[in-house]
Amino acid sequence: QAQLVQSGGGSVQSGGSLRLSCAASGITLDYYAVGWFRQGPGKEREGVACISNDNDRTNYGDSVKGRFTVSRDLAQNTVYLQMNNLKPEDTAVYYCATDPALYIDPGGCFNYKYDSWGQGTQVTVSS
């Protein structure tokens with residue numbers, strides 16, 4: 001069974017950067033779609049970024065395009081979320097999740113069910 005361990009959250013000022021990590025055990029992340037999601041105070045969970053197991057295609061939420069980048073490190077069996085130019089509205093608990101992605105969804109990797117989740121990590125951006 002997959003275990004996902006997240007790290008890298010914290011507090012930064014507006015315009016700063018953070019990198020979140022999602023390290024897997026029990027599975028090889030290269031064979032999975034990996035998504036990053038977040039839930040801010042009083043908000044619904046939203047998709048932030050995801051990377052498919054189909055040539056590593058990526059999708060991003062509209063609010064983070066051009067600022068966030070998702071990537072894989074096969075040797076470390078880890079997926080990263082590099083977050084630049086952070087804004088106060090990025091404040092949330094961030095979660096990584098995996099899906100075996102046994103088919104290619106033409107709508108992109110946000111459409112998978114994501115059945116294994118990390119523990120979540122807090123990101124706080126102050127103005």
Side-chain angles (χ1 to χ4, degrees):
Q1 188 171 352
Q3 283 195 321
L4 304 176
V5 178
Q6 297 178 223
S7 59
S11 298
V12 293
Q13 290 190 326
S14 183
S17 297
L18 286 171
R19 188 178 76 162
L20 304 184
S21 300
C22 177
S25 60
I27 61 170
T28 301
L29 279 180
D30 191 37
Y31 300 136
Y32 287 74
V34 181
W36 285 96
F37 300 85
R38 68 186 182 188
Q39 188 161 18
K43 298 181 181 180
E44 293 187 354
R45 189 177 69 195
E46 65 172 327
V48 175
C50 58
I51 184 165
S52 76
N53 56 358
D54 173 37
N55 293 319
D56 278 357
R57 287 187 297 176
T58 56
N59 293 105
Y60 294 92
D62 288 342
S63 62
V64 307
K65 283 180 182 177
R67 300 188 297 124
F68 290 12
T69 303
V70 59
S71 62
R72 293 183 196 267
D73 184 327
L74 301 183
Q76 298 297 321
N77 204 28
T78 298
V79 170
Y80 300 100
L81 182 68
Q82 178 66 44
M83 305 184 294
N84 297 329
N85 190 22
L86 283 160
K87 303 176 181 181
E89 51 264 41
D90 295 318
T91 295
V93 178
Y94 285 70
Y95 299 89
C96 65
T98 61
D99 188 281
L102 300 178
Y103 60 93
I104 298 173
D105 193 311
C109 47
F110 280 135
N111 288 349
Y112 294 119
K113 292 182 180 179
Y114 293 99
D115 51 9
S116 292
W117 292 79
Q119 82 275 20
T121 186
Q122 177 69 46
V123 171
T124 303
V125 185
S126 57
S127 57

Q.
If you count every heavy atom of other residues, nucleotides or ligands that lies below 6.0 Å from Q119 atom CD, does the total exceed 12?
A. yes
Q.
Working note: D105 + F110, criterion side chain to side chain contact (heavy atoms under 4.5 Å, CB included); need CA distance, chi angles, decisive distance, verdict.
A. CA-CA 9 Å; D105 193 311; F110 280 135; over 6 Å; no
Q.
Can you tell me how the ring of W117 sits relative to the ring of Y95, calling it parallel under 30°, perpendicular over 60° and tilted otherwise?
A. perpendicular
Using a 4.5 Å cut-off on heavy atoms from C-beta on, say whether the side chain of [Y] contacts that of [X].
X   : Y    : result
E46 : S63  : yes
C50 : Y114 : yes
L20 : V123 : yes
W36 : F68  : no

Hey, any chance [X] and [Y] share a hydrophobic cluster, counting ILVMFWY side chains that come within less than 4.5 Å of each other, even indirectly?
X    : Y   : answer
V70  : V5  : no
V64  : Y80 : no
V34  : Y60 : yes
I104 : Y32 : no

Q: Output, in order, the C-alpha distance, side-chain angles, deciding distance and verdict of side chain to side chain contact (heavy atoms under 4.5 Å, CB included) for V48 and M83.
A: CA-CA 10 Å; V48 175; M83 305 184 294; over 6 Å; no
Side-chain donor/acceptor of [X] to backbone N/O of [Y], under 3.5 Å:
X   : Y    : value
R67 : N85  : yes
D99 : K113 : yes
T78 : S21  : no
N77 : I27  : yes
N55 : R57  : no

Could you grab the distance from atom [atom1] of [X] to atom [atom2] of [Y], nearest 0.5 Å is fine?
X    : Y    : atom1 : atom2 : result
D56  : C109 : CG    : SG    : 10.0 Å
L18  : S11  : CG    : OG    : 8.5 Å
D115 : T98  : CG    : OG1   : 6.0 Å
K87  : S127 : NZ    : OG    : 13.5 Å

Q. R38 and side chain to side chain contact (heavy atoms under 4.5 Å, CB included): which partner among D90, T91, V93?
A. D90
Measure across [X] and [Y] and return the closest heavy-atom pair with its distance rounded to 0.1 Å.
X    : Y   : answer
T121 : Q6  : CG2-NE2, 3.4 Å
L81  : A49 : CD1-CB, 3.9 Å
A24  : L29 : CB-CG, 3.5 Å
R72  : V79 : CG-CG2, 3.9 Å
V12  : S17 : CG1-O, 3.9 Å
P88  : S14 : CD-OG, 3.8 Å

Q. How about Y112 and Y103: are their ring centres within less than 6.0 Å of each other?
A. yes
